Amino acid sequence: MKYLPSGGQWLLMLLLTLWATVPLHAQSPNDATFLSTLGELREATYSDKASIAERLSQGGHHSVRAVLTALMEDRLYFRNDDRKIFIVKSAEGDPLNLIDPLSLKDAGSAPADNLTKIGTNNVLRRMLRTTVAHFALSSPDVSVRLDAVRDMLRSLDNATVALLRERIGVETDSSVKKEIATGLALAALDSSDPRTRLEAIDTLRQSVSQDVRNRLALLLDKSPDGSFAESDEKVRRAAGAAVQTIDRWRTFYSGFETLFFGLSLGSVLVLIAIGLAITFGVMGVINMAHGELMMLGAYTTYAVQLAMPGHIGISILVAIPAAFIVAGTTGVLMERTIIRFLYGRPLETLLATFGVSLILQQSVRSIFSANNRSVVTPDWMSGSLRLNDALSITYNRLYIVIFTLMVFSVILVVLKRTRIGLDIRAVSQNRAMAKAMGIRTEWVDAMTFGLGSGIAGVAGVALSQLTNVGPNLGQSYIIDSFMVVVFGGVGNLWGSLIGGMSMGAVNELLEPYAGAVLAKIFVLVGLILFIQARPRGLFPPAGRAAEDK
Amino acid sequence: MNGDKQAPGLWSRTTLVARGGGGRFDRGAKWFLAVLAVVAIAVPVLNQVVPASSAFHLSAYGITLIGKYLCYGMLALAVDLIWGYCGILSLGHAAFFALGGYAMGMYLMRQIGSRGVYGDPILPDFMVFLNYKSLPWFWYGFNHFPLALAMMILVPALLALVFGWLAFRSRVTGVYFSIITQALTYALMLAFFRNNMGFGGNNGFTDFKDILGFDLHSDRTHVVLLVITSAALAASYMACRAIVESRAGRVVLAIRDAESRTRFLGYPVESFKLWLFVFSGIIAGIAGALYVPQIGIINPSEFAPINSIEAVIWVAVGGRGTLYGAIAGAVLVNYAKTYLTGAFPEVWLYALGALFVLVTLFLPRGVIGLVAARDKDK
Amino acid sequence: MKLRAMFMTASLLMAGIVFSKVAAAQGTIKVGVLHSLSGTMAISETTLKDTILMMIDAQNKKGGLLGKKLEAVVVDPASNWPLFAEKAAQLLEKDKVAVVFGCWTSVSRKSVLPVFEKDDGLLFYPVQYEGEESSKNVIYTGAAPNQQAIPAVDYLMKEVGVKRWVLEGTDYVYPRTTNKILEAYLLMKGVKPADISINYTPFGFSDWQTRVAAIKKFGSAGKKTGVVSTINGDANVPFYKELGNQKISAEDIPVVAFSVGEEELSGLDTKPLLGHLAAWNYFESINTPANKAFISQWHTFIKNPKRTTNDPMEAHYIGFNLWVKAVQKAKTTDVEKVLAALPGLETPNLTGGIAKVLPNHHITKPVYIGEVKADGQFNVVWKSAGTVPGDAWSDYLPGSKDIEADWVTLNCGNYNKVTKKCSGQNYK
């Protein structure tokens, strides 16, 4: 017999059907509140926007995360004609692709002129970052979770602490767990039970973070009437000990940091001096245009980036050989047309190359304009490597240190192991003999000068990542490069390396105590006095052939 | 010898001097002094006597310009003395120039008295502004001209003495010496740029009112200053001539040409070099002191290494080893600069750079050498 | 003979100097442009030279001034301060210009000031500066500290909630004076001395590692910290790069700068600067018809649609228009009469307001605070309610608060209201 539903079952089925189809036809009241709160963002001031964002996140709508992230990244717009709010996929390009805030689905596109951005300022963005971090806690990506926890540690309120407590149970990554534990311990410092507080301090003692140290130091604060912020004696003592430990570690790490600063400054000095050491030491040519050759290298980087705007990441790697060629060619040209006639007269080469430097500066000004040019740092060179809470090493300087060492080794290999290097050394030691042995000295001269200039160009690529790229780039570094070469010993590559590194280290060590200017003056005076003691530098060139006059 | 591959017969420049020599008033000196005299007479006449509306009138701008050239001429003279005759290339001589200038500047600042912006009778404006309560010790006495005059000479001399003693004693020569003179002037520049040093920092000293009671804004004072500068230039020139013509001058030339040999012959090479260096520093200091009241400002950028290099360029362009050549070079290059920055403001650096390259390549003996060569061919 | 040649050359040179008075071309009014076209300041000043040339061009197309064409006399003082004084003398005495638009750094202005006062010239100075000066012969179209620095500090204090302050400057008179004023202002507002850190670095300073690390440390004491930057010129690039690399974002420690504008940003990688602030009286991104017209006029003149406009350019725009109006009112280019006609004169600025010349030779300007965007433009986050009148003598410094400048009734640049005396700053 056929089964027919009873009247009650019909009713149930009807209700079920109605209930299932309702969301397809109408917005729930939740959606409506969400949209109207969202709409308030259009006209609000920055501080009002913050409270609106707060309300949105508490409302718990499923689109809140996407909307707040969009607002934080300046991707929330409203359409001028119908005032509807949209998220845009990306702020670049025209027309802009729109996303509906409710359904988070594509909603067509609109020309940029028809849309007005809902603006943010720093304060608002900071608040949004902490709010959005709550959502990021469950991201599959470890680094996103880590950043989220760190953001949340900045403002620990009850809601945040609750979230963290939830998370620590399910968190799998150890570094994230450690961060969360730190956050919970910081929160536990406010607990009323001294034993909890003591336990918290025990956890926090391992940290080297400045924020943790500050929070612990607050426990030791004395109020004007003599009573301590922390009432329990044992807790106070533990906090004091913890602060001391943290301070000791932080000083230790900051010593490392200063050392790194010195190394990185030194490596810049070495880089700008190597080229000069070759032309100066090996050929006896004082090249006052050395700075301008570095400038040419920096401008080459700029030009390469103009030519490949979409591939900034590898632009630096392309720029290095390009700069070498550009600067090297200029050097060879200089040698063939001017310097060739001035051998043996180092002081004349100084004057002539000074004239060339003026010409190079002015040509760059005419071709590119007198203004600085913008050279973009690729992403893999930006930011810093975070070793721990107390020690971060900036990537660009780290790469420059590595790069300097690489360049130095390459030059050393070229000079000591290759045929051309042999020829160069022969010509510099005894030109007449080398010629008699059949070496084409003019060609070798040109190549040497080209090599030295090419290295200057490569140094310019490195400099473009650190400082302005403008016509005056060369002038800022030429004095320093001469100092390093003279300090290290004319013609000696190892001298330049050690000389540059030590000058950089001394400068950076002095700087926190004496200030930048006095540190520099001290280094200069030190150099003057050093030359008295060793008139030919750290590693003097041996032999009579080296006698200039 | 010693790899010195300059044009053959160049060192017959020594004979040039010797030939023209035969006393301090040889033909060269006579002509140079004559030119200076003409300038020293023409300027007051053209400014004070000729009426302002006439096309022949020399404005204050013109007087200042000529005065500046003469001061630079003195600096070039100082550089040529040690470079052309003793082979010491100092790339930091502008330091002595600037020190002399600052000494004069300190005197002029004290003369402002209560006419400054803040009206303090003792403290210059910049000190009031930096909340100094009293005058720093090194400013004491600068309101008396004799002390200031002594300082203009003594401070550059002292620096030259100390620096030279340290350098020459250790036999620092050639390129090394040049680079550490650069270090010296660069360090001084950094030091004087500091606002805490008590020397006016980046702004330096400016807005002077009068010197020895004479209003610095009147044409008459500038004319007198120019005449004094010409006299100083003439006197320095004669003094330098006296040195190079004397027996000591012969030793100096020998040091330039063959230092080791001279030393082995028993001459105290280091002492000669030192005293020449000090004397040259004094001349540069006086030049700087005369420069400041005419220009109206002294500023740490006078210590800039580039200024010293330019001084050497002037000597190279004019012709080193001939004292009047250096002065001529200074006037020529600075005139070119004045003209070019006015007439071709966009491209004057090209012209200047090309000038340096061409002079070094084709005129190793400078402009004077060019004229002399033509003279020899006659 | 060689010495005759030398003698001839010397005489020719002298003659060249004496007789090189350029004969005034009949029927033109000469306008002097005193901006560095080479050297370290060329980066900023070349644009200003072009701005004046553009304004002269436009005015000539409207028929010139008083029936005569305007002629530009451009000189290059090459970022060299003594050369500035010399070129100023050349413009006033040799070329006999009617007005000069020029200077950028305070040193350059201070070195030309005696020349202008002695030769009775007229200078329009377009750059923000430190105040403590009011000359009879200068019209200051740039911001005085109360039109830039004080509102910026107010914004940080009120809107951002900054409680600890780093005043980071380049070691010269503008930052020194500004920081002196700001320190006095902050102390007056109740900030504790331990919460203020003042530091100076030399020009062109490029190794910021230690300094930025120190700022980071100062800023991690638990209170919201902000940096007021009077770092000038080239040192800005490595400073911001280092800030970015040491992960100091604008949300943690905001930096407000007074010398970073659209022109400087065009030579920078803006990634590390996003969100950092600048305080000016004009931004290129401000949307008014006058600004749009100016920008397109500039793009047409300079033949490059990517060139930016900035605050000193607007100052020259205002200054030039004021001068033209004053000449038309006085019916002559004679400096004394033009100076008498200027105070009280009004002209529209580019952001929808009016710039008025005050008796102390400053003008009224609106104040804007903007955040750096990725495209090198600024997003305005705050603006003043109206225009702010420029105050030459800061009310927060004990030495200056009693001083006022008034060239209309008192005829004095630094008149002490308490002692009722006029001192310095004017030349007889």
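Below, chain A is the first sequence line, B the second, and so on; all start at residue 1. Not measured: the values here are computed from a predicted model. Only this structure's heavy atoms are used, side chains among them; waters, hydrogens and symmetry mates stay out.
Interface residue B:W83: only side-chain heavy atoms are found under 4.5 Å from chain A. Contact of A:S363 with chain B is made through backbone and side chain together, with heavy-atom distances under 4.5 Å. Of the two parts of B:R171, only the backbone, made up of N, CA, C and O, holds a non-hydrogen atom closer than 4.5 Å to a non-hydrogen atom of chain A. Both the backbone and the side chain of A:L351 come within contact range of chain B, judged by heavy atoms closer than 4.5 Å. Heavy atoms closer than 4.5 Å to chain A are found nowhere in B:L358, neither backbone nor side chain. For chain B, the nearby part of A:L342 is the side chain; its heavy atoms alone come within less than 4.5 Å. Looking at A:I478, neither its backbone nor its side chain comes within 4.5 Å of chain B, counting heavy atoms on both sides. Only the side chain of B:L89 comes within contact range of chain A, with at least one heavy atom under 4.5 Å from a heavy atom of that chain. Only the side chain of A:I286 comes within contact range of chain B, with at least one heavy atom under 4.5 Å from a heavy atom of that chain. With a 4.5 Å cut-off on non-hydrogen atoms, A:R365 touches chain B through its side chain but not through its backbone. For a residue to count as touching a neighbouring chain, one of its non-hydrogen atoms must lie under 4.5 Å from one of that chain's; by this rule B:L355 does not touch chain A. Using a 4.5 Å cut-off between heavy atoms, A:L360 makes no contact with chain B at all.
In this structure, B:F356 CZ and A:I338 CD1 are separated by 13.0 Å, a value rounded to the nearest 0.5 Å. Annotation: the span from B:L188 atom CG to A:L524 atom CG amounts to 10.0 Å, rounded to 0.5 Å. Taken from CD in A:Q532 to CZ in B:F163, the straight-line distance is 7.0 Å, to the nearest 0.5 Å. Rounded to the nearest 0.5 Å, atoms CG (B:L361) and OG1 (A:T337) are 8.0 Å apart. In this structure, CE on B:M189 lies 10.0 Å from CD1 on A:I521, to the nearest 0.5 angstrom.
Few gaps surround CZ on A:F368; more than 12 heavy atoms of other groups in view lie less than 6.0 Å from it. More than 12 heavy atoms of other residues, nucleotides or ligands sit less than 6.0 Å from atom CZ of A:F530. In B:F344, the CZ atom is not crowded: 12 or fewer heavy atoms of neighbouring residues, nucleotides or ligands sit closer than 6.0 Å.
Using a 4.5 Å heavy-atom threshold, the side chains of B:I306 and A:F354 count as touching. Two residues are said to be in side-chain contact when any heavy atoms from C-beta on lie closer than 4.5 Å; B:T360 and A:F341 fail this criterion. Side chains of A:L529 and B:L166 form a contact here, defined as non-hydrogen atoms less than 4.5 Å apart. Contact annotation: the side chain of A:M483 never approaches that of B:I180 to less than 4.5 Å [non-hydrogen atoms, C-beta and beyond].
Residues B:A183 and A:I528 share a closest heavy-atom pair of CB-CG1, 4.1 Å. For the pair A:P535 and B:S170, the tightest heavy-atom approach, listed with the atom from each and the gap, is CG-O, 3.0 Å.
Not a single donor-acceptor pair under 3.5 Å links the side chain of A:Q362 to the backbone N or O of B:Y350.
Chain A forms more heavy-atom pairs under 4.5 Å with one residue of B:V312, B:I179, B:L91 than with any other, namely B:I179. No other option in A:L350, A:V356, A:L518 has as many heavy-atom pairs under 4.5 Å with chain B as A:L518.
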